[in-house]
Novice: 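Dropping the structure in here first, questions after.
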Amino acid sequence: MLVLILNAGSSSLKFQLMNHATHDVFARGVAERIGVDGRLAIESNGTKTKKDVNLPTHKEAIELVLESLVTKPHKVIDSVEKDIDAIGHRVVHGGEYFSKSVIIDENVITKLERLVPLAPLHNPAHIMGIKICMDLMKEKPNVAVFDTAFHQTMDPSTYLYAVPYEDYKKFALRKYGFHGTSHHFVSKEANKLLKKDNPKVIVCHLGNGSSICAVKDGKSIDTSMGLTPLEGLIMGTRSGDIDPAAISYLMEKKQMSAQDVVNYLNKKSGLLGVSGISSDLREVIEASINGDERAILAIDMICNRIKKYICAYAGMLGGLDAICFTAGVGENASIIREKACENLNFMGIELDNEKNEKRQTGKREINTNKSKVKIFVIPTNEEFVIANDTYNLAKDL
């Protein structure tokens, strides 16, 4: 089965065409600046192409992607109608409606529309992409795969906030968590490596957006992101955990509205705000090596927050079998892994510095032989989770 995987943003469309059975990716790319001018980057057949194109809406972007798949130099299939079996859509927020991936119908779309207030930047774009695909490829099944679904196994004592209970019942105010497809995939890969009953695993998904998840026997029991992706770790431009009273304080001192402060904490804070250099960790690491004090401070703050969550989640799990690092920062930044594991020997966590510094691709173990807790670097593959769920739901239709 060939699955077209789509991730629609407000002005972008990421895509892959994947063979579910072999995990082979036939084509991948992104359409950007939709509604502004338009640009398409696509890779297939060993060829990479970038070109400026007119993309007034997502409809033209999806049409161009489909056309590229059947046209040289990027032709990988003969016919969209015959060769693409299903479309899998990444959807950021499934609220409490969806604890697993689903075949999309009008009822699903209605529920996604109700969730727009919880994900105003993401869900409208996902809904738009879904509707366009259902119109352009009427006979193809569409599947929604949710970032939040994996975390629906959390207990109410974990996902509820300590606000009046009626706010939860009336406004759905609670922790949802995100990066669920990544945490699901990486924890599953870790369980294969551990070969243990009821494994206790902490997954550190560290990128420009970052979150940590405590996974017990394959189920999420807690995660660092909350109602929105702003809660939790310090990220590229997001502050992560902060005293809620800081919002009213900033409103008064900087003459901001509540929404101004939320944008400030989402887009101007985190690594960028502390370092004053960049939201790109590579640039901040380079500056820290050259002695920049704020760059050093930013890295220390990020690692302290990661360490705090690791220790807390080990307590919630009642022990720990493995820590997994994944995503762009988790897989590539050895200094972050080193500092996050520093001084955790009392928990049986011992990093092998030589293994940690060694650059290599694929899954790898970077703990010492004496370490009681395994430390893995496991590349994530969220697209495979989307393709796999899409196949399992669409195969019998």
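All values below were derived from every heavy atom in this structure, side-chain atoms included, with hydrogens, water molecules and symmetry-related copies excluded. For this chain, numbers begin at 1 and follow the sequence in order.
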Novice: Side chains of Val186 and Phe376: closer than 4.5 Å at any heavy-atom pair?
Specialist: no
Novice: The test is ring pair (Phe, Tyr, Trp, His ring centres under 6.0 Å); show your working for His183 and His151 and say whether it passes.
Specialist: CA-CA 9 Å; His183 289 303; His151 303 301; 5.8 Å; yes
Novice: Would one find more than 12 heavy atoms of other residues, nucleotides or ligands at under 6.0 Å from atom CD of Glu293?
Specialist: no
Novice: Within the 3.5 Å criterion, strictly below it, is a donor on Glu113 or Thr110 matched to an acceptor on the partner's side chain?
Specialist: no
Novice: Taking the side chain as every heavy atom from C-beta outward, state whether Asn7 and His126 have any atom pair closer than 4.5 Å.
Specialist: yes
Novice: In terms of hydrophobic clusters joined by side-chain contacts under 4.5 Å, are Met225 and Ile221 together?
Specialist: no
Novice: For Lys100 and Ala149, work out which heavy atoms get closest and say how close.
Specialist: N-CB, 3.8 Å
Novice: Near Glu166 CD, under 6.0 Å, is it more than 12 heavy atoms from other residues, nucleotides or ligands?
Specialist: yes
Novice: Would you say the side-chain atoms of Lys138 pair up with the backbone N or O of Asp135, donor to acceptor, closer than 3.5 Å?
Specialist: yes
Novice: Is any side-chain heavy atom of Arg174 closer than 4.5 Å to one of Leu227?
Specialist: no
Novice: Minimum heavy-atom separation for Leu271 and Ile234, please, with both atom names.
Specialist: N-CG2, 4.1 Å
Novice: Test your reading of the model: is there a side-chain donor-acceptor pair from Asn392 to the backbone of Asn388, 3.5 Å cut-off?
Specialist: yes
Novice: Return yes when atom NZ of Lys307 has more than 12 non-hydrogen atoms of other residues, nucleotides or ligands closer than 6.0 Å, and no otherwise.
Specialist: yes
Novice: Considering all heavy atoms of both residues, which atom of Glu331 and which atom of Pro379 are nearest to each other, and what is their separation?
Specialist: OE2-CA, 3.2 Å
Novice: Mind checking whether Phe384 and His20 have parallel, tilted or perpendicular rings, split at 30° and 60°?
Specialist: parallel
Novice: Does CG belonging to Asp243 count more than 12 external heavy atoms closer than 6.0 Å?
Specialist: yes
Novice: Is it the case that atom OH in Tyr161 sees more than 12 heavy atoms from other parts of the structure closer than 6.0 Å?
Specialist: yes
Novice: Between Tyr309 and Ile202, is there a side-chain heavy-atom distance shorter than 4.5 Å?
Specialist: no
Novice: Is it true that Lys59 and Glu63 have a side-chain N and a carboxylate O under 4.0 angstrom from each other?
Specialist: yes
Novice: Quick one: NZ on Lys75 to OG1 on Thr47, what's the gap to the nearest 0.5 Å?
Specialist: 14.5 Å
Novice: For the residue pair Ser239 / Ser269, report whether a side-chain donor-acceptor contact shorter than 3.5 Å exists.
Specialist: no
Novice: Under 4.0 Å between a side-chain nitrogen and a carboxylate oxygen: does that hold for Lys170 and Asp167?
Specialist: no
Novice: Looking only at atom types and distance, does a side-chain atom of His58 sit under 3.5 Å from a main-chain N or O of Gly9, one as donor and one as acceptor?
Specialist: yes
Novice: Can you confirm whether Ser68 sits close enough to Phe15 that some side-chain heavy atom of one is under 4.5 Å from a side-chain heavy atom of the other?
Specialist: no
Novice: List the steps, then state whether side-chain contact (heavy atoms from CB on, under 4.5 Å) holds for His205 with Cys213.
Specialist: CA-CA 8 Å; His205 177 106; Cys213 185; over 6 Å; no
Novice: Following the transitive rule for hydrophobic clusters with a side-chain heavy-atom cut-off under 4.5 Å over Ile, Leu, Val, Met, Phe, Trp and Tyr, establish whether Val65 and Leu2 coincide in one cluster.
Specialist: yes
Novice: Can you tell if the side chain of Asp241 reaches within under 4.5 Å of the side chain of Lys308, non-hydrogen atoms only?
Specialist: no
Novice: Look at Glu189 together with Lys363 and state whether they make a salt bridge at an N to O cut-off of under 4.0 Å.
Specialist: yes
Novice: Check whether the side chains of His74 and Asn45 place a donor and an acceptor atom closer than 3.5 Å, and report yes or no.
Specialist: no
Novice: So Leu393 and Ser101, side-chain contact (heavy atoms from CB on, under 4.5 Å) or not? Walk me through it.
Specialist: CA-CA 8 Å; Leu393 287 167; Ser101 302; 3.9 Å; yes
Novice: Do side-chain atoms of Thr148 reach the backbone of Gly94 as a donor and acceptor pair under 3.5 angstrom?
Specialist: yes
Novice: Answer yes if the side chains of Ser257 and Gln259 hold a donor-acceptor pair under 3.5 Å, and no otherwise.
Specialist: no
Novice: Looking at side-chain heavy atoms only, is the closest gap between Glu357 and Glu338 below 4.5 Å?
Specialist: yes
Novice: Can a side-chain donor-acceptor contact be found between Ser157 and Asp155 if the only test is distance below 3.5 angstrom?
Specialist: yes
Novice: Has the side chain of Arg33 got a donor or acceptor atom that lies under 3.5 Å from a matching backbone atom of Ser11?
Specialist: no
Novice: Between Asp83 and Leu17, does a side-chain contact (heavy atoms from CB on, under 4.5 Å) hold up when you go through it step by step?
Specialist: CA-CA 11 Å; Asp83 296 326; Leu17 183 65; over 6 Å; no
Novice: Please evaluate residues Lys14 and Val30 with respect to the criterion side-chain contact (heavy atoms from CB on, under 4.5 Å), reporting the C-alpha separation (whole Å), side-chain torsions for both, the decisive distance (0.1 Å), and the verdict.
Specialist: CA-CA 4 Å; Lys14 296 178 183 178; Val30 59; 3.9 Å; yes
Novice: Using a 3.5 Å distance criterion without hydrogens, assess whether the side chain of Lys268 forms a donor-acceptor pair with backbone atoms of Gly273.
Specialist: no
Novice: Going from NZ on Lys339 to CD1 on Ile306, what distance comes out if it is rounded to the nearest 0.5 angstrom?
Specialist: 11.5 Å
Novice: Hey, is the main chain of Gly232 close enough, under 3.5 Å, to the side chain of Arg305 for a donor-acceptor pair?
Specialist: yes
Novice: Please name the pair of heavy atoms, one in Leu13 and one in Ile62, separated by the smallest distance, quoted to 0.1 Å.
Specialist: CD2-CG1, 3.6 Å
Novice: Can you find a heavy atom in the side chain of Tyr168 that is under 4.5 Å from one in the side chain of Tyr159?
Specialist: yes
Novice: Is there a chain of hydrophobic side chains (I, L, V, M, F, W, Y, each step under 4.5 Å between heavy atoms) that links Ile104 to Ile132?
Specialist: no
Novice: For Gln152 and Gly95, indicate whether the former's side chain and the latter's backbone hold a donor-acceptor pair under 3.5 Å.
Specialist: yes
Novice: Would Val274 end up clustered with Ile336 when hydrophobic side chains under 4.5 Å apart are linked, directly or stepwise?
Specialist: yes
Novice: Strictly distance-based, threshold 3.5 Å: is any side-chain N or O of Ser371 a donor or acceptor partner for the main-chain N or O of Lys374?
Specialist: no
Novice: List the steps and the verdict of salt bridge (charged side-chain N to carboxylate O under 4.0 Å, His left out) for Asp222 and Lys175.
Specialist: CA-CA 9 Å; Asp222 199 1; Lys175 174 187 284 196; 2.9 Å; yes
Novice: Verify, without hydrogens or angle tests, whether Asp321 (side chain) and Lys200 (backbone) share a donor-acceptor contact under 3.5 angstrom.
Specialist: yes
Novice: If you look at every heavy atom in Leu397 and Pro141, which pair is closest and at what distance?
Specialist: CD1-CB, 3.7 Å
Novice: Look at the rings of Tyr176 and His93 and say which category their plane angle falls in: under 30° parallel, 30 to 60° tilted, over 60° perpendicular.
Specialist: perpendicular
Novice: Between Leu281 and Leu272, is there shared hydrophobic-cluster membership here, with clusters defined by ILVMFWY side-chain heavy atoms closer than 4.5 Å?
Specialist: no
Novice: Using every non-hydrogen atom in the two residues, find where Val284 and Ser275 come nearest and quote the distance to one decimal.
Specialist: CG2-OG, 3.8 Å
